[in-house]
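Only one structure is covered here, and it is reproduced in the block below.
Indexing begins at 1, ligand by ligand and atom by atom, following the structure's order. Values reported hereafter were calculated over all heavy atoms of this structure, with side chains retained and with hydrogens, waters and symmetry mates removed. Residue numbers start at 1 and run along the sequence shown. Computed from a predicted model, the values in this text were never measured in an experiment.
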Amino acid sequence: MANSDAYMITDRDYLRTRQYRTDANLAARQSIYRFQRPRVDLPAAVLGLAGLTGMEAIADVGCGNGVYLAALARRGHAGAAIGVDLSPGMLRAARAAAGQARLVVGDAAALPIRDGAADVTLAATMLHHVPDRQAAARELRRVTRDGGQVLAVLNGTGHLAELCDLVTRAAADIGLADVVWAASEGLTGGLSLDEGEELLGGVFGSVQRHDFRAELELPRPEPVLEYIASMRSTQGVDDPQRLVDAASRHIRPAPDGVVRIRTWTGCLVCR
Ligand SMILES: C[S@@+](CC[C@H](N)C(=O)[O-])C[C@H]1O[C@@H](n2cnc3c(N)ncnc32)[C@H](O)[C@@H]1O
């Protein structure tokens with residue numbers, strides 16, 4: 001591999017200039033959830049846990065292409081909202097969806113937000129990207145007012161297990177032994193829901209966990225292959241298409257022709 005995967009997960013330069021230069025990779029991964037059964041509308045479910053009145057000041061850290069800000073706008077949220085992301089390209093992609101929210105380039109480990117400014121702070125599927133997670137957890141606490149809440153979303157161990165297994169088999173087939181990340185870490189990115197619970201438990205007085213488990217039911221393999229092509233591990237090998245082609249040979253639909261892949265995501269509500 002060109003870079004070790006563990007390095008790339010938290011490499012700000014890689015994240016800003018390649019993986020999240022635009023929202024194309026994230027959008028390829030988001031689009032696979034149209035095959036989820038039962039369908040979990042994660043932004044709606046997460047915001048539902050916050051018990052919002054509609055007037056809260058909200059900070060969305062690592063807001064990406066703005067799916068949580070868009071969900072807030074759809075709810076008619078009237079309080080101030082700010083989206084912060086490391087990548088200017090992601091913020092450009094977020095602009096159309098993000099309603100009235102301010103969008104600011106910034107790092108979760110040193111947020112451009114004053115102490116206690118947010119009633120509710122979101123950190124959805126992003127803490128695994130921050131090299132100093134303790135610093136990020138402290139920043140989430142700092143920018144959230146006393147009595148407010150932080151909602152962190154992370155993947156459970158076993159999220160997309162079948163997809164990880166497929167990538168591992170495909171990589172072994174073409175002699176890419178380094179792509180063992182899939183078997184060892186799954187798609188938690190190296191910070192699982194369990195680990196996140198422990199991390200945030202060290203910073204907040206209480207952490208309540210909500211798990212969302214479902215399954216992708218894919219009638220054809222193409223969305224799986226597009227997802228694999230979007231992943232940093234695939235993009236880190238010398239010939240990504242060769243790995244995608246190997247995955248296409250190894251994909252095993254069930255006898256009914258459907259490819260089934262488990263999903264497991266959770267939200268940690270921290271107060
Ligand atoms: C997997 S995406 C999640 C986006 C969005 N929160 C969602 O759930 O759809 C991770 C996002 O975190 C951003 N990110 C990565 N490291 C960051 C950091 N240190 N500070 C702020 N944002 C970061 C990336 O640019 C990317 O937009």
Side-chain angles (χ1 to χ4, degrees), residues 6-34 36 40-47 49 58-74 81-98 101 103-113 118 120-140 142-143 150-155 159-160 186-193 196 199 212 227 230-233 235 263 265-268:
Y7 180 66
M8 287 159 63
I9 288 172
T10 56
D11 183 293
R12 290 182 171 96
D13 192 46
Y14 165 75
L15 293 170
R16 199 186 294 116
T17 62
R18 289 186 55 198
Q19 175 58 226
Y20 298 119
R21 186 178 65 80
T22 71
D23 76 332
N25 288 317
L26 182 61
R29 295 197 289 277
Q30 287 166 333
S31 74
I32 206 170
Y33 288 93
R34 69 192 187 279
Q36 194 181 42
V40 181
D41 181 343
L42 197 59
V46 167
L47 294 174
L49 295 172
I58 309 235
D60 184 357
V61 177
C63 65
N65 56 1
V67 294
Y68 286 80
L69 296 170
L72 278 172
R74 278 196 298 278
I82 180 170
V84 179
D85 202 283
L86 195 61
S87 157
M90 293 303 274
L91 294 181
R92 274 193 293 279
R95 186 60 280 169
L103 299 177
V104 179
V105 174
D107 194 314
L111 286 168
I113 300 177
V120 175
T121 304
L122 307 172
T125 330
M126 63 76 57
L127 276 173
H128 60 290
H129 284 311
V130 188
D132 186 345
R133 291 161 182 168
Q134 291 285 348
R138 284 194 302 270
E139 277 296 88
L140 295 174
R142 179 186 67 75
V143 302
V150 171
L151 282 76
V153 176
L154 287 165
N155 292 328
H159 176 63
L160 304 186
L187 285 195
T188 63
L191 180 67
S192 68
L193 194 51
L199 169 74
F212 305 101
Y227 191 109
S230 80
M231 295 162 75
R232 58 183 174 271
S233 308
Q235 295 178 359
T263 64
T265 300
C267 180
L268 303 166

Ligand-residue contact atoms, ligand 1 with [X], heavy atoms, under 4.0 Å:
X    : value
G64  : 4 (C), 27 (O)
A124 : 3 (C), 5 (C), 6 (N), 8 (O)
G106 : 20 (N), 21 (C)
A108 : 18 (C), 19 (N), 20 (N), 21 (C)
M90  : 27 (O)

On a heavy-atom basis, which atom in [X] and which in [Y] lie closest, and how many Å separate them?
X    : Y    : value
Q19  : M231 : NE2-C, 4.2 Å
G83  : L91  : O-CD2, 4.3 Å
G62  : D85  : C-OD2, 3.3 Å
A109 : E139 : O-CG, 3.4 Å
A108 : V61  : CB-CG1, 3.7 Å

Would you check whether G62 has a nitrogen or oxygen atom less than 3.5 angstrom from a nitrogen or oxygen atom of ligand 1? yes

Kindly determine whether Y68 and I58 satisfy side chain to side chain contact (heavy atoms under 4.5 Å, CB included), including the steps that lead there. CA-CA 10 Å; Y68 286 80; I58 309 235; over 6 Å; no

Who's the nearest protein heavy-atom neighbour of [atom], and how far?
atom                    : result
atom 25 (O) of ligand 1 : D85 OD1, 2.6 Å
atom 15 (C) of ligand 1 : H129 CB, 3.5 Å
atom 19 (N) of ligand 1 : D107 OD1, 3.1 Å
atom 12 (O) of ligand 1 : M126 CB, 3.6 Å
atom 23 (C) of ligand 1 : L86 CB, 3.6 Å
atom 2 (S) of ligand 1  : Y20 OH, 3.7 Å
atom 10 (C) of ligand 1 : T125 O, 3.6 Å

Checking R142 side chain against L111 main chain: does a donor-acceptor pair fall under 3.5 Å? yes

Checking contacts here: is it the side chain or the backbone of [X] that comes within 4.0 Å of ligand 1, counting heavy atoms only? Could be both or neither.
X   : answer
R16 : neither
V67 : side chain
C63 : backbone

For residues L86 and V105, determine if any side-chain heavy atom of one lies less than 4.5 Å from a side-chain heavy atom of the other. no

Non-hydrogen atom of Q30 closer than 4.0 Å to ligand 1: yes

Examine ligand 1 and decide if any of its atoms is less than 4.0 Å from a heavy atom belonging to P131. no

Do N65 and Q30 pair up side chain to side chain, a donor and an acceptor below 3.5 Å, judged on atom types alone? yes

With a cut-off of 6.0 Å (strictly less than), are more than 12 heavy atoms of other residues, nucleotides or ligands near CZ of R29? yes

Between Y20 and H129, what is the ring plane arrangement, given parallel below 30°, perpendicular above 60°, and tilted in between? perpendicular

